[in-house]
Amino acid sequence: MVDHTAREIHHQPQAWAETLSYLEANSSQFLSFLAGEGEEVIFTGCGTSYNLSLSAAALWQTLAQTPARAVPASQVFLFPQTVFVPGRKYRLFAISRSGETSETVQALNFFKKNNFGQGCALTCEAGSSLSQTGDLVIVTASAREESVVMTQSFSTMLLSLLYLAGRQAKKELKLSLLPEILSQNMETYEPMVRELARNLSFQKFIFLGNGPYYGIAWEGSLKLKEMSLTPTETFHFLEFRHGPKSIVDDHTLIIALTSQQAFSPEQAVLLEMMELGATIFHIGSSRLSPSSKLFEIALDGEGINDYTLPILDVAFLQLLGYYRAQARGLNPDQPKNLTKVVKL
Ligand code: F1P
């Protein structure tokens, strides 16, 4: 039975390709927005769209070399003094698949009403409330979803922000290679991820990521939680040593998103956790030493770097959540307690 979630996870390469064409065709409009005033860039959203903001901020600051940070939409209007400094100008990216999440719409309206700067609405839904408010509106319609949980919408909207950051930085990221890279590697590694997800002996799930991978780790953590009703935790790699590692045992699965920049210290953490009994699901460019407690996806080659690898990682985490939900007899299309949009 092909359900919405499975179909949308597998549609990501096509959504990416179509969206890159859309971005290229409208790039002059987007780049003129970016040329405007704004000392710092704020990315905001809720749930998955906040996780997206975490990665987007890390990628943006690195590439565009302007200060960038991620803030949950509610904080924009509940604690504005912790987000904005009076007198400074900002650029806000309000991110929402539906374009109807109350907090995100309220955040963009609050930002504009208080004249903090220019606001961009990034959504999959043309004509949504959010899209009526942005000074700039980016609609990734190719990533529209029927599912409750966000999958292709997350990676496609993040890819759009990476595209803009790369254009801002005048850096050629070869993003057009990514759809085929993802398509080939999903076909190669999906069976392994499905086998891992079906192992119901794991009781603790820890997600680790650094820099732009940290938001991806949070997103993988949320996917597993939403779809399979599994408690999860998320840390920066080395933070995990400072106490939380106390819970590691033979029933612990660590999902590790290593980087090219900090692979050596990340690898050291993983070797230590394997000695404590953990099984590792590793996605990265370099390989760890073979082990019976290691499931590994190695992604390397042209077009794969610490800008693009975070976006490639997320599809495998979506598959982990999807297949564990199935293994637990749950319907990923109808996650317990959740609705497609949270309207207050
Ligand atoms: C945000 C969100 C999702 C969550 C669920 C409810 O949606 O909180 O992150 O997974 O689907 O909505 P949106 O603002 O991006 O539409």
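Residue indices begin at 1 and follow the sequence shown. Just follow the structure's listing: the first ligand is 1, and inside any ligand the first atom is 1.
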task: May I ask you to check whether Ser49 has an N/O atom sitting below 3.5 Å from an N/O atom of ligand 1?
output: yes
- prompt: Would the number of heavy atoms belonging to other residues, nucleotides or ligands and lying under 6.0 Å from CD of Glu187 be above 12?
  reply: no
task: Please determine if Arg69 forms a cation-pi arrangement with Tyr90, meaning its NZ or CZ atom is less than 6.0 Å from the six-membered ring centre and no more than 45° off the ring axis.
output: no
- prompt: Among all protein non-hydrogen atoms, which one is nearest to atom 11 (O) of ligand 1, and what is the separation to 0.1 Å?
  reply: Val148 O, 2.8 Å
message: I'd like to check whether Arg97 has a polar contact with ligand 1, where a contact means an N/O of the residue lying under 3.5 Å from an N/O of the ligand.
response: yes
- request: Report the part of Glu226 (side chain from C-beta onward, or backbone N, CA, C, O) that has a heavy atom under 4.0 Å from ligand 1; answer both or neither where that applies.
  value: side chain
- prompt: Would you call Leu338 a ligand 1 contact, heavy-atom distance under 4.0 Å?
  reply: no
- request: Using distance alone, determine whether Gly47 and ligand 1 share an N or O pair under 3.5 Å.
  value: no
- prompt: Who's the nearest protein heavy-atom neighbour of atom 12 (O) of ligand 1, and how far?
  reply: Lys340 O, 3.5 Å
message: I'd like to know whether CD of Gln65 has more than 12 heavy-atom contacts from other residues, nucleotides or ligands below 6.0 angstrom.
response: no
message: With ring-ring contact (aromatic ring centres under 6.0 Å, His included) as the rule and sequence neighbours excluded, what pairs involving residues 142-191 come up?
response: none
task: Flag yes if more than 12 heavy atoms outside Glu272 fall under 6.0 Å of its CD atom; otherwise flag no.
output: yes
task: Supply the atom-to-atom distance Asn199 CG to Arg194 CZ, rounded to the nearest 0.5 angstrom.
output: 15.0 Å
message: Tell me the contacting part of Thr339 for ligand 1: side chain, backbone, both, or neither, using a 4.0 Å heavy-atom threshold, strictly below.
response: backbone
query: Does Cys46 come within less than 4.0 Å of ligand 1, judged by its heavy atoms?
result: yes
message: For Arg241, I'd like to know if atom CZ has over 12 heavy atoms of other residues, nucleotides or ligands within 6.0 Å.
response: yes
task: Side-chain contact test, heavy atoms from C-beta onward, threshold under 4.5 Å: evaluate it for Ile297 versus Met192 and give yes or no.
output: yes
message: Counting non-hydrogen protein atoms only, what is the nearest one to atom 3 (C) of ligand 1? Give residue, atom name and distance.
response: Met150 SD, 3.6 Å
task: For Thr48, take its heavy atoms, then give the atoms of ligand 1 lying under 4.0 Å from any of them.
output: 9 (O), 10 (O)
message: When you compare the side chain of Glu195 with that of Phe295, does any pair of heavy atoms fall below 4.5 Å?
response: yes
task: Considering heavy atoms of the protein only, find what lies nearest to atom 7 (O) of ligand 1 and give residue, atom and distance to 0.1 Å.
output: Thr101 OG1, 3.6 Å
query: For atom 13 (P) of ligand 1, which of Ser96, Cys124, Ser102, Pro335 has the closest heavy atom?
result: Ser96
